[in-house]
**Student:** 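The structure follows.
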Amino acid sequence: MSSPKTIRWGILATGGIAQTFTKDLLCDPKTRGVDSIVHTVVAAASSSSAERAQQFLKDVGAPSDAKAYGSYQDLVNDENIDIVYVATPHSHHYQNAMLCLEAGKNVLCEKAFTVNAAQTKALIKKAKEKDLFLMEAVWTRYFPLSIYVRDLITSGRLGPVHRVTADLSMSMSPETSFPDGKHRMVNPELAGGALLDLGIYALTWCFQTLYLTQPESERRRPSVQAAMKLYPPTGADEMTTMLLTFPRRKELGGDAHAIATTAMRAATDPDGKSTAGPAVRIQGEKGEVQVFHPIFRPTKTRVVLKDGTVEDKTWRQPGPGQGSGWQNGFQDMVNEEGEGHGMFWEADEAAIALVEGRKEGRFEGLEESLVIMEVMDEVRRQGGLRYSGKIETTDYPVDL
Ligand SMILES: NC(=O)C1=CN([C@@H]2O[C@H](COP(=O)(O)OP(=O)(O)OC[C@H]3O[C@@H](n4cnc5c(N)ncnc54)[C@H](OP(=O)(O)O)[C@@H]3O)[C@@H](O)[C@H]2O)C=CC1
Ligand SMILES: O=C1OC[C@@H](O)[C@H](O)[C@H]1O
């Protein structure tokens with residue numbers, strides 16, 4: 001067997017998810033059955049200071065020779081980096097990812113990919129022009145649990161799937177959690193709001209079950225009807241409801257419906273024990289598969305079939321992780337002792353793609369990311385949510 005290829009990561013930004021992701025990168029891939037690659041962190045950059053980047057590298061346990069930069073430009077100039085993970089707020093993804101691509105770096109960029117579809121299109125064009133890898137970091141798509149659910153659909157075990165409902169709602173008060181309105185969840189200057197932050201996971205479940213599972217030539221953009229409730233102090237959306245119709249040929253089951261919902265004040269799982277039921281239901285002619293909250297990092301599925309079958313499964317993340325989960329200003333997530341968080345699956349996918357010379361992820365290609373952005377554009381149009389010109393623009397570079 002040939003020795004594993006080392007992929008050298010640069011981390012752009014040092015906030016909450018950058019920490020969680022980087023700790024996961026440093027979990028040994030062999031513990032999850034991956035032996036063709038290993039990850040290393042060669043540098044991190046903070047827009048605030050090199051000292052902050054240095055502290056970050058220490059906190060995550062990066063190799064002692066990893067470089068700390070005080071600007072994103074310095075990071076992308078580093079010739080020892082194979083791929084950059086972009087972990088800034090939504091508003092900054094377009095400018096930051098473009099900075100990386102312009103400098104010839106492959107990119108894994110946090111969700112939501114960009115603020116709008118035009119920006120996603122421009123990134124795709126640039127990546128193709130430069131022959132670089134580009135992927136939206138929708139980590140959940142790469143979980144074994146997601147692969148299992150998609151296999152249930154494509155194997156025909158559920159029969160033709162006609163409807164999917166998916167909800168990610170958090171049970172919190174924005175007034176209490178974000179009193180000054182500056183947090184990225186509610187701040188329009190950071191492209192905040194429920195849709196781009198949380199609703200994208202509800203859409204992810206609709207898309208990975210009703211779109212990705214279709215033969216490529218049969219995938220069609222769904223039509224959309226949407227309602228949005230805006231949060232008066234800032235104008236970001238606090239609750240968004242989407243009804244999608246996925247066009248499908250009669251022989252493949254005909255049109256399928258999906259309802260994707262997200263809200264700050266309501267709760268998918270009020271008691272934290274799933275007593276209220278599943279967060280996602282994928283319903284076919286022979287029965288359904290259910291996925292339980294939280295749908296960004298689910299650990300539990302249930303298959304319920306008309307023939308009386310009930311199959312429960314628990315999906316723990318491999319380790320050895322640094323145990324902590326993460327804390328993002330309104331919600332803590334504590335992992336089981338020794339577990340990783342689960343962000344390594346997407347990192348493995350990106351690394352393996354680099355080794356294989358692929359330019360996109362397998363479980364959410366760039367075309368699908370673009371269609372999802374188009375859907376979110378339409379939802380925002382119907383709901384009356386527009387961000388400032390400076391963060392909706394495709395101009396580059398723009399100082400944010
Ligand atoms: N996949 C997942 O599970 C999760 C994904 N996310 C996504 O990750 C991204 C970042 O979220 P999160 O890490 O929670 O956010 P944080 O606010 O914790 O971190 C964002 C970082 O971005 C950098 N940054 C650059 N410009 C700005 C600015 N104007 N305002 C604020 N920060 C800025 C800062 O790093 P520095 O000073 O070092 O430059 C900051 O620490 C978002 O896209 C979010 O949707 C978030 C949580 C979970
Ligand atoms: O991606 C995410 O997943 C978990 C949420 O709590 C977080 O706000 C969001 O950005």
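Just so you know, ligand 1 is whichever comes first in the structure, and atom 1 is the first atom listed for that ligand. Just so you know, these numbers use all the heavy atoms, side chains as well, and skip hydrogens, waters and symmetry mates.
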**Student:** Enumerate the atoms of ligand 1 whose separation from the nearest heavy atom of Ser47 is less than 4.0 angstrom.
**Tutor:**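 Listed by number with element: 25 (C), 36 (P), 37 (O), 38 (O), 39 (O).
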**Student:** Quick one: does Lys111 get a heavy atom under 4.0 Å from ligand 2?
**Tutor:**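 Under 4.0 Å: yes for Lys111.
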**Student:** Passes salt bridge (charged side-chain N to carboxylate O under 4.0 Å, His left out), Arg265 versus Glu175? Steps please.
**Tutor:** CA-CA 10 Å; Arg265 295 179 206 274; Glu175 290 85 356; 2.9 Å; yes
**Student:** Could you tell me whether Arg249 and Glu218 have a side-chain N and a carboxylate O separated by less than 4.0 Å?
**Tutor:**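 Counted as a salt bridge, because a side-chain N and a carboxylate O are separated by less than 4.0 Å.
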**Student:** With Glu368 as reference, evaluate Arg141, Arg221, Arg219 under the salt bridge (charged side-chain N to carboxylate O under 4.0 Å, His left out) test and give the passing residue.
**Tutor:**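 In the set Arg141, Arg221, Arg219, the residue that makes a salt bridge (charged side-chain N to carboxylate O under 4.0 Å, His left out) with Glu368 is Arg141.
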**Student:** Where does Leu196 meet ligand 1, judged by heavy-atom distances below 4.0 Å: at the side chain, the backbone, both, or neither?
**Tutor:**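 Leu196 to ligand 1: no contact under 4.0 Å from either part.
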**Student:** With sequence neighbours excluded, what pairs up with His92 under the ring pair (Phe, Tyr, Trp, His ring centres under 6.0 Å) test?
**Tutor:**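 Expected list: none.
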**Student:** Less than 3.5 Å between some nitrogen or oxygen of Ala137 and one of ligand 1, yes or no?
**Tutor:**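 No: no nitrogen or oxygen of Ala137 is under 3.5 Å from one in ligand 1.
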**Student:** Would you compute the distance between atom CG of Asp24 and atom CD of Gln19 and round it to the nearest 0.5 angstrom?
**Tutor:**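 These two atoms lie 12.0 Å from each other.
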**Student:** Can you list the ligand 2 atoms lying under 4.0 Å from a non-hydrogen atom of Tyr201?
**Tutor:**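 Heavy-atom distances to Tyr201 below 4.0 Å select 1 (O), 2 (C), 3 (O).
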**Student:** Among Ile17, Leu12, Thr20, Thr88, whose heavy atom sits nearest atom 48 (C) of ligand 1?
**Tutor:**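 Minimum heavy-atom distance to atom 48 (C) of ligand 1 goes to Ile17.
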**Student:** State the atoms of ligand 1, each with its element, that fall below the 4.0 Å cut-off from a heavy-atom position in Tyr201.
**Tutor:**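 Checking each atom against Tyr201, I get 1 (N), 2 (C), 3 (O).
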**Student:** Looking only at heavy atoms, is any part of Trp139 under 4.0 Å from ligand 1, and if so is it the side chain, the backbone, or both, or is it neither?
**Tutor:**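 Under 4.0 Å from ligand 1, Trp139 contributes side-chain atoms alone.
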**Student:** At a 4.0 Å cut-off, with the gap strictly under it, does some heavy atom of Met343 reach an atom of ligand 1?
**Tutor:**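 Checking ligand 1 against Met343, which is what was asked, there is a heavy-atom contact under 4.0 Å.
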**Student:** Can you find a non-hydrogen atom of Arg184 under 4.0 Å from ligand 2?
**Tutor:**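 Yes.
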**Student:** Checking Arg8 now: which residues fulfil salt bridge (charged side-chain N to carboxylate O under 4.0 Å, His left out) with it, not counting sequence neighbours?
**Tutor:**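 Checked Arg8 against salt bridge (charged side-chain N to carboxylate O under 4.0 Å, His left out); matches are Asp82.
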**Student:** Just wondering, are more than 12 heavy atoms of other shown residues or ligands nearer than 6.0 Å to NZ in Lys300?
**Tutor:**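 Yes - once you tally the heavy atoms of other residues, nucleotides and ligands closer than 6.0 Å, there are more than 12.
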**Student:** Do Ser155 and Asp151 have a side chain donor and acceptor closer than 3.5 Å?
**Tutor:**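 Ser155 vs Asp151: no donor-acceptor pair found between side chains.
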**Student:** Using a 4.0 Å cut-off to any heavy atom of Leu190, which atoms of ligand 1 qualify?
**Tutor:**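 With Leu190 as reference, the close atoms of ligand 1 come out as 29 (N), 30 (N).
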**Student:** Apply side chain to side chain contact (heavy atoms under 4.5 Å, CB included) to Trp9 and Tyr85, showing your working.
**Tutor:** CA-CA 7 Å; Trp9 289 81; Tyr85 170 62; 4.1 Å; yes
**Student:** Should one rank Pro89, Ala45, Gly15 by closest heavy-atom distance to atom 22 (O) of ligand 1, which comes out on top?
**Tutor:**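 The option holding the nearest heavy atom is Pro89.
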**Student:** Should the pair Phe207 and Tyr211 be assigned to parallel (<30°), tilted (30 to 60°) or perpendicular (>60°) ring geometry?
**Tutor:**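 Rings of Phe207 and Tyr211: tilted, as their planes differ by 30° to 60°.
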**Student:** I need the contact type for Lys111 against ligand 1. Using non-hydrogen atoms and a strict under-4.0 Å cut-off, is it side chain, backbone, both or neither?
**Tutor:**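 Both backbone and side chain.
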**Student:** I'd like to know if Tyr72 contacts ligand 1, where contact means a heavy-atom distance under 4.0 Å to any ligand atom.
**Tutor:**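 So Tyr72 counts as touching ligand 1.
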**Student:** Under 4.0 Å from a heavy atom of Ala87: give me the atoms of ligand 1 that qualify, with their elements.
**Tutor:**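 Once the distances to Ala87 are compared, the set is 10 (C), 20 (C), 21 (C), 22 (O).
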**Student:** Tell me, please: is His93 in heavy-atom contact with ligand 1, that is, under 4.0 Å?
**Tutor:**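 Yes; His93 lies near enough to ligand 1 that a heavy-atom distance drops under 4.0 Å.
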**Student:** So is Met170 touching ligand 2 or not, going by heavy atoms under 4.0 Å?
**Tutor:**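 Per 4.0 Å heavy-atom rule, Met170 contacts ligand 2.
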**Student:** On a heavy-atom basis, which atom in Met376 and which in Ile200 lie closest, and how many Å separate them?
**Tutor:**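 Scanning both residues completely, I find the closest heavy atoms to be CE-CD1, 3.9 Å.
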**Student:** Give the contacting part of Asp197 toward ligand 1: side chain, backbone, both or neither, where contact means a heavy-atom distance below 4.0 Å.
**Tutor:**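 Asp197 to ligand 1: side-chain contact only, backbone stays beyond 4.0 Å.
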**Student:** Against heavy atoms of Ser48, which atoms of ligand 1 measure under 4.0 Å?
**Tutor:**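 In order of number, 37 (O).
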**Student:** Is there any N or O on Trp139 that sits under 3.5 Å from an N or O of ligand 2?
**Tutor:**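 No.
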**Student:** Does any N or O of ligand 1 fall below 3.5 Å from an N or O anywhere on Ala13, backbone included?
**Tutor:**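 Checking ligand 1 against Ala13, no N or O pair falls under 3.5 Å apart.
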**Student:** For atom 47 (C) of ligand 1, which candidate among Glu110, Arg184, His183 holds the nearest heavy atom?
**Tutor:**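 Among Glu110, Arg184, His183, the closest heavy atom to atom 47 (C) of ligand 1 comes from Arg184.
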**Student:** Within the supplied structure, the quantity of interest is the number of heavy atoms (other residues, nucleotides, ligands) at a distance under 6.0 Å from Lys111 NZ; does it exceed 12?
**Tutor:**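 Atom NZ in Lys111 is crowded, with more than 12 foreign heavy atoms closer than 6.0 Å.
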**Student:** Fit a plane to each ring of Tyr94 and Tyr396, take the angle between them on a 0 to 90° scale, and name the class: parallel (under 30°), tilted (30 to 60°) or perpendicular (over 60°).
**Tutor:**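 Rings of Tyr94 and Tyr396: perpendicular, as their planes differ by over 60°.
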